Structures are given as structure tokens and as C-alpha cells.
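Single-structure report; data block below.
Predicted, not measured: the structure shown is a model, and the values here were computed from it.
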Amino acid sequence: MWDSIVQAFNSAVIQLEANVYWLTLSYLLFSEFGAPLPIPGNFVLVAGGFLLGRQGDLPIWLMGLAILALVPGAVTMFWIGRRGGLPLLNRIGPKIGLSQRRRDRIVGWLERRAVLGLIVIRILPTFRLGTTLIPGALGMPWPRFALGMGCGLVAWVITYMGLGYAMGLFS
């Protein structure tokens, strides 16, 4: 029985390795648009890098394509936040601990540290969707958001895929 489990696992890994580009890119594209997918994007980047590391392939192409796949979702979610996010924040914000006072603090923080703040928040696990919706809803200027989000996407992809790649090389 154990042999059949190991064989099934190895077969699944072979399929993942053969389709690492398409699986990673499609998953990231859907997740960036806010689709409720069961695996966090951070894990998908680590897994993609790991599989490429196991194969000995450099992840440069997948990193570049991942960044390109993430941009449409980030831009769309920012504009959704800009168009309809403030009424939603007013309605559910207090229920999730986002009072007006706390929102004012976030706006001030984003005004002072927009680019660096978006990079740091983007890299931290679990905050990714908020990095696109909340700045839009709170009225962050588009050029500042675009610069911060662009740098954040690059840092996020390089950090997590690079981590996975290093693990794959040494596995």
C-alpha cells in the first residue's frame, strides 16, 4: 500500500513539474483577482520555484511571467476599491476592527511610506488582497500606488520563488 501512495505522489510531482509554468501563472492570475482559492499565492510561488530548482532550471522566466500575470488583478482590485470600497469599509470596517480612527492612521501611514509600505505589506503573508483594495478605497493616488505595487510585486515574486528555488536545488 505504501508503495502505491509513493507512486501516486511521484506521478503527481511529475505532472506538476511538466506544467509548472501554466499551473503557477493561472493560479496567480485568478488569486490576484480575489478568487477564493484554497492555497495562498505565497505557497504557489514557493512550489513553482521548488519544482524549477529540482529540475535545475533557472526561475527567471517564471518570475517575469508571474509578475506580468499579477499586474491585471492588482490594477483591477485597486480600481474596484477606488469605485466601491469606501462604502464597504464604512459598513464592515467597524465589524472587523477597522474603525474610522484606525483608517485615518492607515491613510497617514500610506501617505508617508506608500512605496516602502506596499512592498513590506505585499511580502507579508495574508495581507496581499488588502494591498490592492484598501489603498484604492482610501484614495491613494494612482502613481504612488502603481510604483509601490510594482516594486511590491517584484519583491514578492523574487522572495518567495527564490526561496522555493533554493529549497529545490538542495532537495
Open item on the list: Could you check whether any side-chain heavy atom of Leu45 comes within less than 4.5 Å of a side-chain heavy atom of Leu28, counting everything from C-beta outward?
Closed with: yes
Task: Side chain proximity check, Cys151 to Leu147, heavy atoms < 4.5 angstrom - done: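 The answer is yes, as the side chains (C-beta and beyond) meet within the 4.5 Å cut-off.
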Would you give the length of the straight line joining atom [atom1] of [X] to atom [atom2] of [Y], rounded to the nearest 0.5 angstrom?
X: Glu32; Y: Tyr27; atom1: CD; atom2: OH; value: 12.5 Å
X: Phe170; Y: Arg54; atom1: CZ; atom2: CZ; value: 15.0 Å
X: Leu51; Y: Tyr21; atom1: CG; atom2: OH; value: 11.0 Å
X: Arg122; Y: Thr132; atom1: CZ; atom2: OG1; value: 7.0 Å

With a 3.5 Å cut-off and sequence neighbours excluded, list the donor-acceptor pairs that the side chains of residues 58-84 form with protein atoms.
{"from": "Thr76", "atom 1": "OG1", "to": "Pro72", "atom 2": "O", "distance (Å)": "2.8"}
{"from": "Arg82", "atom 1": "NE", "to": "Gly136", "atom 2": "O", "distance (Å)": "3.2"}
{"from": "Arg82", "atom 1": "NH2", "to": "Met140", "atom 2": "O", "distance (Å)": "2.2"}

Task: Residue list, side-chain contact (heavy atoms from CB on, under 4.5 Å) with Leu163, at least two apart or on another chain - done: Val46
- [ ] Mind checking side-chain contact (heavy atoms from CB on, under 4.5 Å) for Ala155 and listing every partner two or more places apart, or none if nothing turns up?
- [x] Ile119, Ile123
Task: Nearest heavy-atom neighbours spanning Trp156 and Gly41 - done: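 For Trp156 versus Gly41, the nearest heavy atoms are CZ2-C, 3.8 Å.
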- [ ] May I have the step-by-step check of side-chain contact (heavy atoms from CB on, under 4.5 Å) for Val44 and Tyr160, ending in yes or no?
- [x] CA-CA 9 Å; Val44 171; Tyr160 285 99; over 6 Å; no
